[in-house]
Protein chains: 2
Amino acid sequence: MKKVTILDIAKELDITFSTVARALNDHPAISKNTKELVKAAAERLGYRKNKIASSLRSGKSNIIGVLVPSLDVSFFSSVVHGIESIMNQNGYSVLLYQSQESYKKEDKGIETLLNSRVDGVIASIAINREDSGTYEDIINRNIPLAFFDRSLDDLNAPSVTIDDYKGGYMATEHLIKAGYKNIVHITETRNLAIFKERMRGYKDALKAYGLPLNEDLILKGNLSLDFGKECVKNLTSRKIPFDAIFTLEDFTAMGVIQQLKVQHINIPHEVGIIGFANEAFGSLVSPTLSTIDQQTNRMGEEIALQFLKMLKAGDFYKSAPLRIKLDPILIIRESSQGPTWENI
Amino acid sequence: MKKVTILDIAKELDITFSTVARALNDHPAISKNTKELVKAAAERLGYRKNKIASSLRSGKSNIIGVLVPSLDVSFFSSVVHGIESIMNQNGYSVLLYQSQESYKKEDKGIETLLNSRVDGVIASIAINREDSGTYEDIINRNIPLAFFDRSLDDLNAPSVTIDDYKGGYMATEHLIKAGYKNIVHITETRNLAIFKERMRGYKDALKAYGLPLNEDLILKGNLSLDFGKECVKNLTSRKIPFDAIFTLEDFTAMGVIQQLKVQHINIPHEVGIIGFANEAFGSLVSPTLSTIDQQTNRMGEEIALQFLKMLKAGDFYKSAPLRIKLDPILIIRESSQGPTWENI
DNA sequence: GTGAAAGCGCTAACAC
DNA sequence: GTGTTAGCGCTTTCAC
């Protein structure tokens with residue numbers, strides 16, 4: 001099939017290509033009759049508008065760049081799912097880039113997106129990012145930028161995150177109310193605001209309920225199922241008393257559960273557990289895992305809608321950026337039903 | 001920041017813009033000295049190549065379209081993860097489109113990708129697609145097309161799938177060898193080759209081991225956790241004897257497990273179970289779920305590499321398309337350890 | 001209501 | 001080794 005342009009349609013109908021262009025774009029000054037003729041001819045010839053040419057000329061690509069650490073993490077793929085759905089409904093396409101949790105690849109990604117002349121960028125930063133670096137380029141070029149979940153708050157860009165502080169607080173408060181007293185928190189060594197916030201929530205909840213803050217009960221490492229196991233081994237071998245664990249995310253919690261089972265420590269009666277993120281497996285494992293839901297789909301949709309507003313508004317960095325914090329949702333399952341044996 | 005073009009660099013250095021263009025593209029005929037000067041100036045002025053302009057002129061966008069049902073399904077997000085990683089390493093970007101399992105949205109997606117002048121399309125078809133429809137447009141335009149997992153074999157396009165027949169056979173064979181005799185298969189009503197193949201494998205394995213094929217033991221519905229539960233209720237209420245279940249995918253298997261537990265039927269001694277897909281939760285649930293791994297990351301990488309070959313080769317539809325079938329991997333866990341109580 | 005013409009920022013063929 | 005020139009297929013301003 002030969003590629004057909006508006007010129008071919010123009011020749012076919014013996015009118016000029018500018019009339020064709022206008023007809024195809026539903027320009028008001030074109031008669032209904034002409035429009036119909038043009039559209040019929042376009043269909044007949046198998047015409048497809050060349051978006052590249054129109055982007056070059058108009059300066060708008062109708063593409064937005066989405067930069068995430070990795071689609072292999074369900075949290076991100078779920079948010080991207082939401083973003084693409086909404087963007088798609090509004091006439092935008094999504095150009096995807098994964099940083100693989102490396103700020104270097106992230107910088108390369110921003111460069112690629114910028115070169116591709118995306119109309120905007122939605123991003124969630126890599127775990128090892130130290131400075132705002134290349135992100136500033138986006139702002140300097142006056143291209144809309146928005147963050148979700150992991151944001152750079154120094155930059156004047158809007159963001160949609162969940163309230164991690166509140167999530168940490170809720171999780172800890174739930175354990176306290178369930179009757180647990182020596183609550184361990186497992187967190188990350190690496191420097192990411194969301195994890196710090198969760199820990200801050202943990203600490204404040206303890207304080208609010210008059211429980212002592214014991215630094216021995218805060219364990220730091222690199223999140224993973226195995227790290228969860230290690231933590232349990234570590235605590236028990238050091239004979240540190242504890243009756244509940246709040247982990248920074250669900251996989252670590254799962255490691256904790258597995259190791260406790262190995263050591264025949266009853267969940268939830270001897271040790272209560274709550275994770276964070278509401279991974280799919282939480283409702284399927286035994287005992288089912290209490291957790292904090294992050295409203296991933298809602299986050300994707302919310303950031304996309306926010307972004308569309310920005311695009312319409314035009315002046316992206318004039319006013320203070322909107323920072324939306326979604327409420328985390330406490331999901332209580334079997335793993336934190338309370339130490340009912342404690343009175344024995 | 002004003003947008004800077006090769007013309008600005010040319011003025012700055014008092015040379016012509018074509019020299020600048022060549023220098024930036026590392027053209028061999030340009031002196032090392034000039035190249036360095038140009039690159040330094042580009043850096044200094046904050047130049048970014050306008051990919052849109054270069055795509056328009058060269059006819060290559062260096063973007064490939066990826067069309068999948070939904071990123072909310074871990075199988076697809078995992079494959080897309082692999083595709084993007086490889087493409088990215090080879091200088092291509094990924095334009096993402098989700099069909100949401102609707103062939104209408106899929107058609108719209110193909111149109112969008114074609115309009116965006118992607119250099120190729122990698123797709124996995126929607127579950128309700130009946131004809132090859134718009135996919136033919138891609139081929140007619142001589143744009144490389146490749147499928148993964150769910151393909152349209154009528155079209156002359158390469159594909160990477162797993163050998164679903166073999167997977168079905170392996171799963172069934174495993175149950176037989178473990179000692180189960182009355183093996184149920186739960187499959188889909190909707191018409192998708194991959195599910196039919198799994199069933200064909202099931203049937204052939206029974207035959208190969210001299211077990212009778214009982215149509216009562218083949219249940220059809222819409223895959224879901226709830227459907228798994230229903231199947232168990234259905235079988236037990238109709239008092240149909242069975243001692244193992246092979247489900248078309250893991251979530252359905254999970255429903256089966258949950259319902260068997262409710263009815264206090266022991267797994268794996270009274271009933272053995274194997275799923276399909278190796279979802280993340282399989283190793284975390286209790287009992288851990290035997291399943292068939294689909295090599296998702298490998299599939300993504302394989303299809304991407306295959307695709308890059310196509311792009312280099314140039315003549316996309318001249319020869320018979322390569323259809324790569326990856327071997328499924330049997331993963332044996334607790335849920336199918338065999339009916340050791342049967343001898344009691 | 002339609003036509004004419006310019007130009008978006010590059011690539012690449014042809015000069016010298 | 002570098003300059004000249006002609007588009008790629010649209011959008012958009014200015015005519016009439």
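In what follows, chains carry the letters A, B, and so on, assigned in the order in which the sequence lines appear, proteins first and then strands, with residues in each chain numbered from 1.
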Tell me whether the count of non-hydrogen atoms from other residues, nucleotides or ligands lying under 6.0 Å of CD in Gln89(A) goes above 12.
yes
I'd like a table of atom pairs between the protein and nucleotides 13-16 of chain D - only N or O on both sides, under 3.5 Å - with the distance next to each one.
from    : atom 1 : to       : atom 2 : distance (Å)
dT13(D) : O4     : Arg22(A) : NH1    : 3.4

Of the residues in residues 109-118 of chain B, which ones touch DNA chain C at a heavy-atom distance under 4.0 Å?
none
Return no unless some side-chain N or O of Asn50(B) is found under 4.0 Å from OP1 or OP2 of dC8(C).
no
With a 4.0 Å limit, can you tell me whether Thr19(B) has a side-chain N or O closer than that to the phosphate oxygens OP1/OP2 of dG1(D)?
no
Between Ile9(B) (CD1) and dT11(C) (P), how many Å, whole number?
12 Å
Asn25(A) has an atom CG; how far is it from atom P of dG9(D), in whole Å?
17 Å
With a 4.0 Å cutoff (strictly under), does any side-chain N or O of Thr16(B) reach OP1 or OP2 of dT4(D)?
no
Has the side chain of Ser31(B) got a donor or acceptor atom that lies under 3.5 Å from a matching backbone atom of Thr34(B)?
yes
Ser159(B) (side chain) donor-acceptor with Thr161(B) (main chain) under 3.5 angstrom:
no
Between Phe307(A) and Tyr92(A), does the ring centroid distance fall short of 6.0 Å?
no
Between CG of Asn33(A) and C1' of dT2(C) the distance, given in whole Å, is 13 Å
Report the C-alpha distance between Tyr317(A) and Asn142(A) in whole Å, list the side-chain angles of each, state the deciding distance to 0.1 Å, and finish with yes or no for side chain to side chain donor-acceptor pair (under 3.5 Å).
CA-CA 8 Å; Tyr317(A) 302 110; Asn142(A) 202 38; over 6 Å; no
How long is the line joining CG of Asp26(A) and P of dG1(C), in whole Å?
14 Å
Just checking Leu7(B): base, sugar-phosphate only, or nothing, at a heavy-atom cut-off of under 4.0 Å?
nothing
Heavy-atom count around Lys309(A) NZ within 6.0 Å, excluding the residue itself: above 12?
no
Name the closest nucleotide to the Phe17(B) side chain, picking from dG3(D), dT5(D), dA5(C).
dT5(D)
Counting distance only, does the side-chain N/O of Ser124(B) pair as donor-acceptor with the main-chain N or O of Asp149(B) below 3.5 Å?
no
Taking any heavy-atom pair under 4.0 Å as a contact, classify Ile52(B): base, sugar-phosphate, or nothing.
nothing
Is a side-chain donor or acceptor of Ser54(A) paired with a backbone partner of Lys51(A) at a separation under 3.5 angstrom?
yes
Tell me whether Ser78(B) contacts the main-chain N or O of Phe75(B) through its side chain, where contact means a donor paired with an acceptor under 3.5 Å.
no
With no hydrogens and no angle check, do the side chains of Thr134(B) and Glu106(B) hold a donor and an acceptor under 3.5 Å apart?
no
Between CD1 of Ile30(B) and P of dT11(C) the distance, given in whole Å, is 13 Å
What does Lys51(B) touch in the nucleic acid at a heavy-atom separation under 4.0 angstrom: a base, only the sugar-phosphate, or nothing?
nothing
List in numerical order all residues of residues 54-64 of chain B for which some heavy atom is under 4.0 Å away from an atom belonging to DNA chain D.
Leu56(B), Arg57(B)
Checking Asp119(B) side chain against Asn62(B) main chain: does a donor-acceptor pair fall under 3.5 Å?
yes
Within a radius of less than 6.0 Å around NZ of Lys325(B), do more than 12 heavy atoms belonging to other residues, nucleotides or ligands occur?
yes
For Lys11(A) and dG3(C), what is the distance between atoms NZ and P respectively, to the nearest whole Å?
15 Å
If only side-chain N and O atoms of Lys49(B) are considered, is one of them under 4.0 Å from the OP1 or OP2 phosphate oxygen of dT11(C)?
yes
